[in-house]
Amino acid sequence: MQLTLDKFTKSFGDTEVIADMDLTVRDGEMLALLGPSGCGKSTTLFAIAGIHRVSGGRILFGDRDVSDLPSQKRNVGVVFQNYALYPHMSVAENIAFPLEVAGQDRATIKREVQAIAELVHIEKLLNRKPAELSGGQQQRVALARAIVRKPAVLLLDEPLANLDAKLRLEMRSEIRRIQQETGITAILVTHDQVEAMSMCDRVAIMNEGEILQIDSPTEMYRAPVSRFVAGFLGNPPITFVEGVTDGRGDVDLSGLKLPLPARLEALPAGRAVTLGIRPEHFGVARGLPVPGVVRFVEPQGRETLFDVALDNGAVLRSIQPVRQDLSVGDAVRFNLDTEAMLVFAETGARL
Amino acid sequence: MNMRALTDGAREGTAIAVPSTPVPPAVTLPPRRRGKPRGKPRVSLLGLAMLAPSLLLLCAFFFAPAIFTGVFAFTNMSTSTGIGKGDWMVTPVLLRQLRDAGLSEADEQAISAATYVVDAEHVARAEAGGVDARFLSDIESRLAGETYDNARDFERDLRDLPSKPRSARALKGAADHFASSVLNRRYATEAAFAAALSTVAPGLAPETLSLVTERAYTGAVFTVENFVTLATRRDTLRIVGNTFLYVGLTLGFNVAIGLFLALSTFYLPKRVGSVFSALWLLPRITPVVLYATLWQWFTWENGFIYILADTLGLPTYNYMKAGVTSAWTIMILSNGFVGASFGMILFSGALRAIPVQQLWASEVDGASRLQQIRRIILPQLRWPVLFVTAYQTLSLLSSYELIWLTTDGGPGTTTTVWALDAFKTALWAYSGEFKYGLGAAMALILVVVGLTLSIAYLILFKFDDLVSRPKIEF
């Protein structure tokens, strides 16, 4: 079911947290709300769930306006960060709870619980209490409880934050698999760009109550609308260097000149710009050779990360397939793919 | 007190449930030396020393009174027996009782008969009694060694003496000093009493003698009479019924109101909620006498309710003391209000421990507020509800002071509960006759009921599940 936020506004007391947000999540799509803590992503999620009241605007499930409906009547499934399982109920009872309060008969409940348990691979744990489960198992139970009622929207609030690294990888693909198998429209709230990019069809980047960009993960990575978005995506992160255009197609980085990408050669002189250079675009096979000194080497197994100090003192990061011929203090000339550089105006917008 | 003893026991129980299994030494390896054998509790003298004060206090203020109560319950101790060692004495009242119990008339007359003996002992007694010395020396010289078995013969002989007193009354008074009767005389030992009895009534059969001796003892004796009395007394059933009704209703009121208050303050805005709960604390923090007085002002003649009823044209009377239904209502309410805040505080704490996400989750799952309370919140309040129920049952069973200060168990004995009756029997009898033994028996029954109830509660609510395993293994 398609979900639409239309001029959605939320304030707590006098503080307006979110103003006039528009967002559309397509039917069957999984969308990530990505942003730093305090950016309003969880608030948006809880407003969609009906846990928070809407201060202004509308929330539509399909064509149905649910803005004034209590959460009981919205038919949403929510997976909370701490799972919020009912500790006094067994796994089966937890999953059955939404069906029971909906007044379904015993046989249906039993059948549905069994089916969902098989879908999320917890059919052997049905008689356990939540306290007897591991974090990943609890996560699966919470997911089962959220989707057993076949909700219009599945809302996931930082579902992986409480898991250890290995489980997180496993659950990432599990959640995506279950979402795709059920075809439920889903929203994932996270502050982890890897989660957002790996699990979702589209990512909405939020900051300070505003959606900055909605795009597919690849597109967003390739063409971020602003410096903030560019800085949020990518691991290891992008490096920014400040400079001024000289009007002849170069950027003066005080002591070092780098050419602008071809499409921006026409920029007038004297404009302060920020160049964004991703590590994979420095140290490539072809490009502009830039001299520098290795300051730091970080082996990452398959790749090696180098911090290279340029002549003017700026430090660029380079990620390359493992090589052991370089060590700290070595002078190098790495090629820079200037065409792949991102250029941002003083306002932060990408040029 | 009972609760504490039980929880301590349970804690030991869990410790036992997790035994540390000693590792069998490998056969092929030489036995390794271990610093300390595992699985044995280490007892440190310092620990015992630190515990000593509380152990002493526990012994002095819990075990000793409990043991005394248990012992006294099996005696007929009362104001008339005293708490010390008794004497042996036959009184006319006792004789009447013995007659009722089947003592023959001849035996009764034999026991009550007086003999007059002129010997050194009686002369000394007469001298101390202020009998004329000349008269006394006459008696001593002429009648020494004589024994009379009735007053008339002795007085006739006295009248024959030259120095007899002029008035007949003085003569009778002198004669009395020589009387030797077991009636109304205290004997410090059983042997002395039996000897005296055999002297005055030599014809008594041995079993009659031992019966009289036993019954003549004035001190407390061990007996199960108290329990027989309680079992056969007509009042017992009524008081037991009263107690059950009182505990049940007050407990229900406490828990229900406590839950209601906790839930409503939980859903109310914080500030309103705190004011609200603070108000409910007032009955608990008010001194009980003042609280009882407030209830009296509220319900007595010309009190609030009285005037209100008068204005509305309803019957007016002393609601606390004059009507059975109103007395009961006031007893339940006054006790219930004190206990409600206890439940409220415990339940509120337990409520706040439930993560808010669980409540959100239940709402999202479609549960109405009522379903949320019934299915999510109340099951998680099981332990505090058990605790309040158990604790309040025990404290209500043994509480009487507020009832004593308000309805005083009246009208009649309609609001008298077991504890109040025990207290009054043992320590507050209007007649001044305190039946310590009977009161202790009642208290002992109360303790037994309390213990049984607590054990039943613990089994019913699966106490093992509620006590989590120790975080640190010893």
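Computation of the quantities below employed the complete heavy-atom set of this structure, encompassing side-chain atoms and omitting hydrogens, waters and symmetry-equivalent molecules.
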(message) Taking atom CZ as the centre, does A:R177 end up with more than 12 heavy-atom neighbours from other residues, nucleotides or ligands that are less than 6.0 angstrom away?
(response) yes

(message) Which residues in residues 91-99 of chain A have any heavy atom closer than 4.5 Å to a heavy atom of chain B?
(response) A:F97, A:P98

(message) Rounded at 0.5 Å granularity, tell me how far CZ in B:R375 sits from CE in A:M89.
(response) 4.5 Å

(message) Minimum heavy-atom separation for B:V364 and A:V76, please, with both atom names.
(response) CG1-O, 3.1 Å

(request) Identify the heavy atoms of A:V101 and B:D365 that sit nearest to each other, and give their distance. (result) CG2-O, 3.3 Å

(message) Report which part of B:S368 has an atom under 4.5 Å of a heavy atom belonging to chain A: side chain, backbone, both, or neither.
(response) backbone

(request) Heavy atoms only, distances under 4.5 angstrom: which of A:D157, A:L155, A:V79, A:N82 has the most pairs with chain B? Name it, please. (result) A:N82

(request) Quick one: list whatever passes side chain to side chain donor-acceptor pair (under 3.5 Å) with B:N254, sequence neighbours left out. (result) none

(request) Could you tell me which of A:G50, A:G77, A:P87 has the largest number of non-hydrogen atom pairs under 4.5 Å with chain B? (result) A:P87

(message) Heavy-atom count check: over 12 atoms from other residues, nucleotides or ligands less than 6.0 Å from B:F260 CZ?
(response) no

(request) Using non-hydrogen atoms and a 4.5 Å limit, figure out which bit of A:F46 sits close to chain B: side chain, backbone, both or neither. (result) side chain

(message) Please give me the minimum heavy-atom distance between A:L85 and B:Q358, naming the atom from each residue.
(response) O-NE2, 3.4 Å

(request) Pull out the residues in residues 25-45 of chain A that come under 4.5 Å of chain B, heavy atom to heavy atom, sorted by number. (result) none

(request) Select all residues of residues 56-75 of chain A having any heavy atom within less than 4.5 Å of some heavy atom of chain B, and report them by number, or 'none'. (result) A:S71, A:Q72

(request) Step through the shown structure and confirm whether more than 12 heavy atoms of other residues, nucleotides or ligands are within 6.0 Å of CG on B:L370. (result) no

